[in-house]
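Working notes, beginning with the structure itself.
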Amino acid sequence: MAIIPARMPEGFEAYGRSPDFTPDTLPARLQSAHTTKAGTWALLHVMEGEVLYRLEPPHEGEQRARAGETIVIEAEVPHRVAFTAPGRIFVEFYRKKENGAP
C-alpha cells in the first residue's frame with residue numbers, strides 16, 4: 001500500500017510540466033482516478049488557493065496543500081486532485097536521470 005511521499009526520490013530530474021490549471025480549467029481526468037506513467041513521478045505545485053490530493057483504493061491517504069506548497073506524486077499510484085479553494089496549480093514531471101547524463 002502506498003503512502004504519500006514527503007519528498008522526491010534521489011536521482012530524478014524534471015523533464016516537463018503541465019499548463020497552469022484553475023478550478024475552471026482543471027481537466028476531468030485529473031479530478032477522477034488516474035496515474036502517472038511508469039517511471040514518472042511528479043510534483044503538484046500550488047501557486048494560489050488550496051487543493052486536496054487523495055490516493056485511490058487500495059491505497060489510503062490524502063494531503064491538502066496551499067499556495068507555496070507542493071505534493072509529491074508517486075509513479076503509477078492512482079490518485080485524484082480537487083480544488084478546495086479557488087486558485088492555480090501546475091504539475092511538474094520527473095524521471096530518473098540516465099547514467100552518464102550531464
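We number each residue from 1, following the sequence as shown.
Residues L26 and I89 are in side-chain contact: their nearest non-hydrogen atoms beyond the backbone lie under 4.5 Å apart. You'll find the side chain of F21 reaches within 4.5 Å of the side chain of P27, heavy atoms only. Under the 4.5 Å side-chain criterion, counting only non-hydrogen atoms from C-beta, W41 is not in contact with I73. In this structure the side chain of P78 never reaches within 4.5 angstrom of the side chain of H34, judged on heavy atoms.
The two residues P23 and G87 make their nearest non-hydrogen contact at CD-O, 3.3 Å. Across F83 and T22, no two heavy atoms sit closer than the pair CE1-C, 3.5 Å. Here the shortest heavy-atom pairing between A75 and G39 reads CB-N, 4.0 Å.
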Report task. Kindly determine whether E62 and Y53 satisfy side-chain contact (heavy atoms from CB on, under 4.5 Å), including the steps that lead there. Result -> CA-CA 5 Å; E62 64 181 39; Y53 171 82; over 6 Å; no
Requested in this report: Let me see the working for E92 and Y94 under side chain to side chain donor-acceptor pair (under 3.5 Å), right down to the final yes or no.
Outcome: CA-CA 7 Å; E92 187 174 34; Y94 288 77; 2.9 Å; yes
Report task. Could you walk me through whether H79 and R54 pass side-chain contact (heavy atoms from CB on, under 4.5 Å), step by step? Result -> CA-CA 6 Å; H79 61 276; R54 181 173 290 157; over 6 Å; no
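Although no hydrogens or angles enter the test, the distance criterion places a donor-acceptor pair under 3.5 Å between the side chain of S18 and the main chain of V91. Of the possible donor and acceptor atoms, none in the side chain of Q63 sits under 3.5 Å from a partner among the backbone N and O of L52.
Both L55 and V46 are part of a single hydrophobic cluster, where members link through side-chain heavy atoms under 4.5 Å apart. With hydrophobic clusters built from ILVMFWY side chains whose heavy atoms lie under 4.5 angstrom apart, V72 does not share a cluster with V77. In the hydrophobic clustering of this structure, L43 does not group with V81; members are Ile, Leu, Val, Met, Phe, Trp, Tyr whose side-chain heavy atoms approach within less than 4.5 Å, directly or through other members.
Rounding to the nearest 0.5 angstrom, the gap separating the CZ atom in R95 from the OG1 atom in T36 is 13.0 Å.
Applying side chain to side chain contact (heavy atoms under 4.5 Å, CB included) to L44 and the options V51, L30, T70 leaves one that passes, V51.
At a threshold of 4.0 Å, the pair R66-E50 counts as salt-bridged, since one of the basic side-chain nitrogens sits closer than that to a carboxylate oxygen.
Sorted by first then second residue, the salt bridge (charged side-chain N to carboxylate O under 4.0 Å, His left out) pairs that include residues 27-38, not counting sequence neighbours, number zero. Pairs passing the salt bridge (charged side-chain N to carboxylate O under 4.0 Å, His left out) check and including a residue from residues 72-82, sequence neighbours excluded, read E56-R80.
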